[in-house]
Amino acid sequence: MTDDKAAGSGQSRAMTLAPLPAQPADVPWPTEAWPEGALPANLQRERFDALLAQAFEGDGVGATHALAIVQGGRLIFERYGEGFGPDATYPSWSKAKSITQALVGMLVLDGKLDIHARAGVPEWQGEDPRAAITLDQLLRMSSGLKFVEDYVPGHVSDVIEMLFQSGKEDVAHYAASQPLEHAPDSFWSYASGTSNIVARIAGQAAGGDLKPYMWARLFGPLGMTSPIPKFDKAGTFIGSSYCYASARDFARFGLLYLRGGMWDGERLLPEGWVDYARTPTFQQEGVTEGRYGAHWWLDIAGPGSFSANGYDGQYTVLVPDLDLILVRHGATPLDKKDALKAWVGQAVDCFR
């Protein structure tokens, strides 16, 4: 897939993406174990230590359970909160959306999916206007489907209804049954239901069961041994929210994207797929959540950075100009979400 072919109709194309760094020739790939390295000499150490104290000893950004930093393909820093460690598995929450995007890319590479074709969702048949929605529009959160993404108990919330209440046994059907609120490709709205529609499409393209495909094509080749993906009773990967893994394995997944979809000489994602993930999607005026690509967030650690973000403060942040990956897991309440995002940017800035 060329960069031009990967481009979606709803994205901003007139831009230059930061180059993705290659794996250093003298650094082994972390398929078996992470090669380790030292913190760089130019690290702003006093500032970095103060941020660590804030994350692990204070309460300004909530409780931090795990922090892992990779630079130049080497694990250079790792710290865990009390009761946690490198063998623990941590919730992905919405970081699973970026894993779903990777699985779609692999199915594109296999010739089993076309992101610019109509999504072919069974709930959308005949003259139903939703039938015009493409997989690209779903990946860019631009389908136009109604979906209320609210995490406050007692509020009207489609995501809570889908994950924990009437929709939990068939999350994709719940999401696909929502009506259109906007014309496809005209309005951006972050929606976990969208990701579960995509995950069901991926499962169907993989032959009806996505689990063996995940292990054969993604987790296995990267040496990710800890992932625990969750499926609903209908057999759909709950790709909006549920793939537990260790911090080191989330870093392996991040390295696949930081290396442009290559792993130890093998192309696992289509050429241009990572650029597709990190190219901004059109957003209407008034959006406050930040820029978005295709199931990846943009700019949390400065221009050119992109990240898999999850509820409660789960992050895998990729910074191409520093060849750096930052993985953070913890429990951050909603009222401290912005403080944590600022903390992530400041922590990365210590390496500049």
Side-chain angles (χ1 to χ4, degrees), residues 1-23 29 73 95-119 133-143 184-185 188 194-195 198-199 201-202 205-206 213-214 216-218 221-222 239 252-283 291-301 303-309 316-325:
M1 173 181 287
T2 65
D3 292 3
D4 182 63
K5 187 176 180 182
S9 58
Q11 71 188 84
S12 303
R13 303 188 193 190
M15 63 170 297
T16 300
L17 296 171
L20 295 172
Q23 182 79 350
W29 291 81
K95 295 209 297 183
K97 292 178 171 69
S98 300
I99 292 173
T100 300
Q101 200 262 3
L103 295 166
V104 171
M106 291 170 175
L107 289 159
V108 169
L109 187 65
D110 290 347
K112 295 182 177 181
L113 284 177
D114 177 355
I115 62 170
H116 298 299
R118 291 187 175 199
I133 296 171
T134 66
L135 185 52
D136 168 63
Q137 290 159 1
L138 291 167
L139 287 166
R140 293 194 166 280
M141 300 292 183
S142 300
S143 68
D185 212 22
W188 181 87
T194 296
S195 303
V198 172
I201 292 168
Y213 190 87
M214 286 179 166
R217 298 299 302 278
L218 178 60
L222 269 58
R252 285 183 172 92
F253 177 70
L255 187 66
L256 173 66
Y257 272 73
L258 195 60
R259 298 294 182 250
M262 296 294 296
W263 193 270
D264 200 8
E266 182 181 0
R267 175 158 292 287
L268 301 185
L269 295 171
E271 185 178 353
W273 189 254
V274 174
D275 286 352
Y276 169 63
R278 64 193 182 119
T279 298
T281 294
F282 163 79
Q283 293 171 311
R291 295 205 304 168
Y292 198 75
H295 269 47
W296 284 79
W297 290 94
L298 310 180
D299 303 335
I300 188 174
S305 66
F306 58 116
S307 56
N309 302 358
T316 299
V317 181
L318 312 183
V319 190
D321 66 303
L322 294 174
D323 194 5
L324 185 141
I325 301 165

Enter the distance from T281:OG1 to Q283:CD here, rounded to the nearest 0.5 Å.
7.0 Å

Where the side chain of R140 meets the backbone of H295, is there a donor-acceptor pair that is under 3.5 Å apart?
no

With side-chain hydrogen bond (donor to acceptor under 3.5 Å, both in side chains) as the rule and sequence neighbours excluded, what pairs involving residues 100-111 come up?
Q101-Y257, Q101-W273, D110-Y213, D110-R217

Would you name the heavy atoms of A301 and V317 that are closest together and state the gap between them?
CB-CG1, 3.9 Å

S305 and R278: side chain to side chain contact (heavy atoms under 4.5 Å, CB included), yes or no, with the steps?
CA-CA 8 Å; S305 66; R278 64 193 182 119; over 6 Å; no

Atom pair CG (L103) and CG (L113), whose distance is rounded to the nearest 0.5 Å
10.5 Å

Between R259 and D323, is there a salt bridge with N-O shorter than 4.0 Å?
yes

May I ask you to decide if the ring planes of Y292 and W297 are parallel, tilted or perpendicular, using 30° and 60° as cut-offs?
perpendicular

So, taking the atom named NZ in K97 and the one named CD1 in I99, what distance separates them when rounded to the nearest 0.5 Å?
11.5 Å

Evaluate the ring planes of W29 and W263, with Trp represented by its six-membered ring, and classify them as parallel (under 30°), tilted (30 to 60°) or perpendicular (over 60°).
tilted

For T316, side-chain hydrogen bond (donor to acceptor under 3.5 Å, both in side chains) partners two or more places apart:
K95

How long is the straight-line distance from CG of D136 back to CD1 of I115, given to the nearest 0.5 Å?
5.0 Å

If every non-hydrogen atom of L258 is compared with every non-hydrogen atom of P320, which pair is closest and at what distance?
CD1-CA, 3.8 Å

Pairwise side-chain contact, V108 with D114, heavy-atom cut-off 4.5 Å (strictly under)
no

